[in-house]
Amino acid sequence: MSAITKRSPVKIWLDVIFALFVREIRIGFNDRLGLSWAIVQPVLFILVLSTLRGKLDGGSTHGIPTFLFMSYGLVLMQLFLQTFSAASNSIKRAKPLFAFRQVQPISAVVASGIFELFVKLVVAFCLYMFIYFIDMDFEMKDPLFAITIFIEIWFLSLSLGLIFGVANLFVPEIKKLETMLTRPLFFISGVFFSLQDIPKEYWYLLDWNPILHGIELIRFASYDSYGKVGVSSYYLFICVLVSVFFSLLIYQRFWKQAVSQ
């Protein structure tokens, strides 16, 4: 008679997340283009926009090759928007699975977030390979700081997605608010410009945005000549910490009622 192996709650939670992560990959392969389109589409988007911007400003922006300037902004922006969207939709999408006692909404959120993180890491690798093969000047002065910024933006998007995912179960119309709030972010987060391009007296209109801080800081981590102007790693960290705290607080308070809706 075989012995019964008891698993700890943490082991069960990790197994559930892994199973949901595999489910996300299978969903990504549902159409003909499959998961490859999730990687090819953002890479092509970044290549086209970066090339166009490079032709307009001579190939250099504040001491950084324009292709890299745009790539950092677009990769971080896509990481935020797509992780946020995936996390906010994951609870409703996985709702039938909550009939199983081991599956909780936060597991679906984390699994969808890990999937988006995995896709963006592959996108970043593809861009690096492109830079390598065209022999473009590339520097990374502080890779550890750049990785920290990347992870902080991911946590920020994941926690905000968790808040909206829970709220969406109570008020489905919240989806319209989500679209209205995220759409302008692409244009006010420093993807196409630097804070150094804006007169200092107008910085207060933009520097409340933690994504702008993340994009500017990751450019600074790559080229220290770019300058750390008008942004703060401390502010970004506090924004991430507050968003994670409130998302877990809201989830702990409302997830059971939300699932039963």
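The model shown is predicted, which means the values in this text are computed figures rather than measured ones.
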Flag the pair [X] / [Y] as yes when at least one side-chain heavy-atom distance between them is below 4.5 Å, and no otherwise.
X      : Y      : answer
Ser222 : Ile218 : no
Ile91  : Val109 : yes
Leu185 : Asn209 : yes
Val171 : Asn168 : no
Phe220 : Ile149 : no
Ile188 : Ile211 : no
Ile215 : Val231 : no

Membership question, hydrophobic clusters at under 4.5 Å side-chain separation (ILVMFWY): are [Y] and [X] in the same one?
X      : Y      : value
Val191 : Phe187 : yes
Phe246 : Val240 : no
Leu74  : Met129 : yes
Val242 : Val166 : no
Val22  : Ile17  : no

With no hydrogens and no angle check, is any side-chain donor or acceptor of [X] less than 3.5 Å from a backbone partner on [Y]?
X      : Y      : value
Ser85  : Leu81  : no
Trp154 : Leu79  : no
Gln196 : Tyr226 : yes

Between [atom1] of [X] and [atom2] of [Y], what distance do you get to the nearest 0.5 Å?
X      : Y      : atom1 : atom2 : answer
Gln82  : Thr182 : CD    : OG1   : 11.5 Å
Ile151 : Leu156 : CD1   : CG    : 12.5 Å
Tyr72  : Phe67  : OH    : CZ    : 10.5 Å
Tyr128 : Phe133 : OH    : CZ    : 10.0 Å
Ser233 : Ile238 : OG    : CD1   : 10.5 Å
Leu236 : Leu212 : CG    : CG    : 10.5 Å

Residue pairs passing the side-chain hydrogen bond (donor to acceptor under 3.5 Å, both in side chains) test with at least one member in residues 241-250, sequence neighbours excluded, are Ser159-Ser243
What pairs meet the salt bridge (Lys or Arg N to Asp or Glu O under 4.0 Å) rule with one or both residues in [range], with sequence neighbours excluded?
range            : value
residues 206-227 : Glu216-Arg219
residues 62-76   : none
residues 140-154 : Glu139-Lys141

Residues at least two apart in sequence or cross-chain that pass salt bridge (charged side-chain N to carboxylate O under 4.0 Å, His left out) with Glu178, listed by chain then number, are Lys175
Please check if atom CD in Glu201 has more than 12 non-hydrogen atoms from other residues, nucleotides or ligands closer than 6.0 Å. yes
Exercise. Is the CZ atom of Phe155 crowded by more than 12 outside heavy atoms at less than 6.0 Å?
Worked result: no
Using the ring of each side chain (for Trp, its six-membered ring), is [X] parallel, tilted or perpendicular to [Y], with breaks at 30° and 60°?
X      : Y      : value
Phe118 : Phe21  : perpendicular
Phe254 : Phe170 : perpendicular
Phe192 : Phe186 : tilted
Phe84  : Phe164 : perpendicular

From the list Phe237, Tyr234, Tyr235, ring-ring contact (aromatic ring centres under 6.0 Å, His included) partner of His213 resolves to Tyr235
Indicate the atoms forming the closest heavy-atom contact of [X] with [Y], along with that distance.
X      : Y      : value
Phe69  : Ser194 : CZ-N, 3.8 Å
Tyr223 : Pro65  : OH-CD, 3.6 Å
Tyr202 : Ile198 : CB-CG2, 3.9 Å
Ala94  : Arg23  : CB-NH1, 4.3 Å
Gln102 : Val16  : O-CG2, 3.7 Å
Tyr251 : Leu162 : CD1-CD1, 3.9 Å

Side chain to side chain donor-acceptor pair (under 3.5 Å) filter on Ser90, not counting sequence neighbours, yields none
